[in-house]
Amino acid sequence: MKFATWNVNSLRARADRVEDWLDATDADVLTIQETKCRDENFPWGAFEMAGYQVAHFGYSQWNGVAIASRVGLDDVQRGFNGQPAFGKNGVDAQVEARAISAVVGTKNTDVEPFRLYSLYVPNGRSLEDEHMGYKLDFLDQLHSHITSDLDANTRVALTGDWNVAPYDEDVWDMDFFLENGMTHVSEPERRAFRQFEESGLVDVVRPRHPGPETYTYWDYQRLSFPKNTGMRIDFILASQNLAAEVTDAWIDREERKGTGPSDHVPVVAQLG
DNA sequence: ATGGTTGGCGCCCAA
């Protein structure tokens, strides 16, 4: 069973590429971030035609997360307990469409079912922006929620765009980031991310594809992809029992090429 | 100058 995560930067703009990628990769499950649409303009048909069930959480042109699965999709949860709301200057604060989870693996596979999250962690925007506080709070609350019922029997994978580069080698030039006060690499952000690893969740890709210069995202600007000035910010973190079943994992760098790519590429794990 | 953008959907914001 093969599952993947991908920030597609608008599903409507990327539907053809997503369908082509699912077909070529033969992925059983895909968690999607930045669908950038509401249910009424979600491209349901393309997934159904390809044999995938889909659960979506999106209510505006921003954010939006989904899970597509052909190995079962049960007990869908939109958001998570304790997820903080956000509104500019506290006005009209809402729980944004940044988290959805479901149990996958309930059919058409030998793998034992597990809960799979599709996460779009807020971008901090700048170190002083109120969105940075929101980002840190989001990660803290997510960590509390996940660890509240995490034990040796819990089968869970947290996947998505974490908007954090947890280690120095996860950006192309750490000195540049520090000198310019860039987000994604600050100590508070890294602490917020590392809580998950310290609680026993395992990055299943990094050991197989260590850095440096192993990235999942390249800005559209400044010829970032040809120059390989990228960041590793998309991760699959798995509970230890699930991580032990992973037989392969990789970053599909090829997907950044060609006409009309997302600025992120898929990250994939093979189970069994 | 990190020269070089993309998407939504509005005539700017988010990333």
Side-chain angles (χ1 to χ4, degrees), chain A residues 5-19 21 32-43 46 56-66 84-89 91-99 118-136 138-139 160-165 168-186 189 193 212-213 215-235 253 255-267:
Chain A
T5 188
W6 190 6
N7 179 325
V8 299
N9 183 24
S10 171
L11 191 52
R12 285 175 289 165
R14 215 76 59 206
D16 288 348
R17 280 190 79 125
V18 172
E19 292 312 307
W21 184 85
I32 302 168
Q33 300 86 41
E34 284 209 86
T35 63
K36 287 188 168 179
C37 65
R38 302 181 301 274
D39 278 350
E40 44 275 38
N41 43 29
F42 189 97
H56 178 230
F57 181 26
Y59 57 79
S60 75
Q61 72 270 46
W62 305 121
N63 315 311
V65 284
F86 183 78
K88 196 83 176 168
N89 301 311
V91 177
D92 296 327
Q94 307 184 69
V95 172
E96 297 183 307
R98 295 180 175 277
S118 179
L119 302 165
Y120 179 42
V121 175
N123 186 304
R125 298 186 181 168
S126 74
L127 294 181
E128 308 78 23
D129 197 288
E130 65 174 323
H131 224 251
M132 178 60 75
Y134 170 45
K135 172 182 192 171
L136 298 175
F138 182 97
L139 286 167
D161 175 1
W162 294 73
N163 267 317
V164 178
D168 287 359
E169 66 178 25
D170 297 340
V171 296
W172 78 92
D173 184 348
M174 191 59 195
D175 290 340
F176 178 87
F177 273 67
L178 290 177
E179 286 164 13
N180 291 279
M182 305 276 283
T183 60
H184 294 70
V185 298
S186 72
E189 289 166 277
F193 180 89
E213 298 182 14
Y215 307 129
T216 64
Y217 162 89
W218 298 261
D219 199 309
Y220 285 123
Q221 302 183 60
R222 294 173 286 271
L223 297 176
S224 297
F225 186 61
K227 292 180 176 176
N228 201 29
T229 52
M231 297 196 281
R232 188 200 281 245
I233 56 176
D234 301 271
F235 299 101
R253 191 178 191 281
E255 187 52 41
R256 189 63 175 78
K257 300 179 180 176
T259 306
S262 170
D263 42 2
H264 297 251
V265 296
V267 180

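Quick note on labels: first sequence line is chain A, next is B, and so on, each numbered from 1.
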Of the nucleotides B/dT5, B/dG7, B/dT2, which has the atom closest to the A/Met182 side chain?
-> B/dT2

Flag the pair A/Thr216 / A/Ile233 as yes when at least one side-chain heavy-atom distance between them is below 4.5 Å, and no otherwise.
-> yes

Take the protein atom CD of A/Gln221 and the nucleotide atom P of B/dG3, then report the distance between them rounded to whole Å.
-> 11 Å

A/Asp219 CG to B/dA14 P, straight-line distance once rounded to whole Å = 16 Å

Short side-chain donor-acceptor distance under 3.5 Å, A/Ser262 and A/Glu255 | no

Is it the case that A/Lys36 and A/Asn9 place a side-chain donor and acceptor less than 3.5 Å from each other?
-> yes

Counting heavy atoms from C-beta on, name the nucleotide in B/dG4, B/dG8, B/dA14 closest to the side chain of A/Arg125.
-> B/dA14

Are the side chains of A/Val265 and A/Trp218 in touch, meaning some heavy atoms are under 4.5 Å apart?
-> yes

Whole-Å distance between B/dG10 P and A/Lys36 NZ?
-> 14 Å

Evaluate the ring planes of A/Phe193 and A/Phe235, with Trp represented by its six-membered ring, and classify them as parallel (under 30°), tilted (30 to 60°) or perpendicular (over 60°).
-> tilted

Figure out the CG/C1' separation between A/Asn9 and B/dA15, and round it to whole Å.
-> 8 Å

Quantified in whole Å, what is the P atom distance between nucleotide B/dG7 and nucleotide B/dG3?
-> 22 Å

Just how far, in rounded Å, is P of B/dA15 from NE2 of A/His131?
-> 6 Å

First of A/Leu11 and A/Asn63 reached from the 5' end of DNA chain B, by closest nucleotide = A/Leu11

Most 5' of A/Phe176 and A/Gly260 on DNA chain B, judged by nearest nucleotide = A/Phe176

Using atom P of each nucleotide, how far apart are B/dT2 and B/dA14 to the nearest Å?
-> 22 Å

When you measure from the side chain of A/Ala13, which nucleotide among B/dT2, B/dA15, B/dG7 comes out closest?
-> B/dG7

When rounded to whole Å, the CE to P distance for the pair A/Met231 and B/dT2 reads 15 Å

What nucleotide among B/dT2, B/dG3, B/dG8 has an atom nearest to a side-chain atom of A/Lys227?
-> B/dG3

Mind calculating the distance between CG (A/Asn7) and P (B/dA15) to the nearest angstrom?
-> 11 Å

B/dG8 P sits how many Å from A/Asp263 CG, rounded?
-> 12 Å

Which nucleotide, B/dG8, B/dG7, B/dG4, lies nearest any side-chain atom of A/Arg14?
-> B/dG7

Could you measure between the two P atoms, the one in B/dC9 and the one in B/dG4, and give it in whole Å?
-> 26 Å

Nearest to the side chain of A/Tyr220 - B/dT5, B/dG8, B/dA15?
-> B/dT5

From the options B/dA15, B/dG8, B/dG3, select the nucleotide whose nearest atom is closest to the side chain of A/Gln61.
-> B/dG8

Would one find more than 12 heavy atoms of other residues, nucleotides or ligands at under 6.0 Å from atom CG of A/Asn180?
-> yes

Quick one: is B/dC9 close enough that its OP1 or OP2 comes under 4.0 Å of any side-chain N or O from A/Arg12?
-> yes

Provide the distance between the two P atoms, one in B/dA1 and one in B/dC13, to the nearest whole Å.
-> 26 Å

Assign A/Phe225 to base, sugar-phosphate, or nothing according to its heavy-atom contacts below 4.0 angstrom with the strands shown.
-> nothing

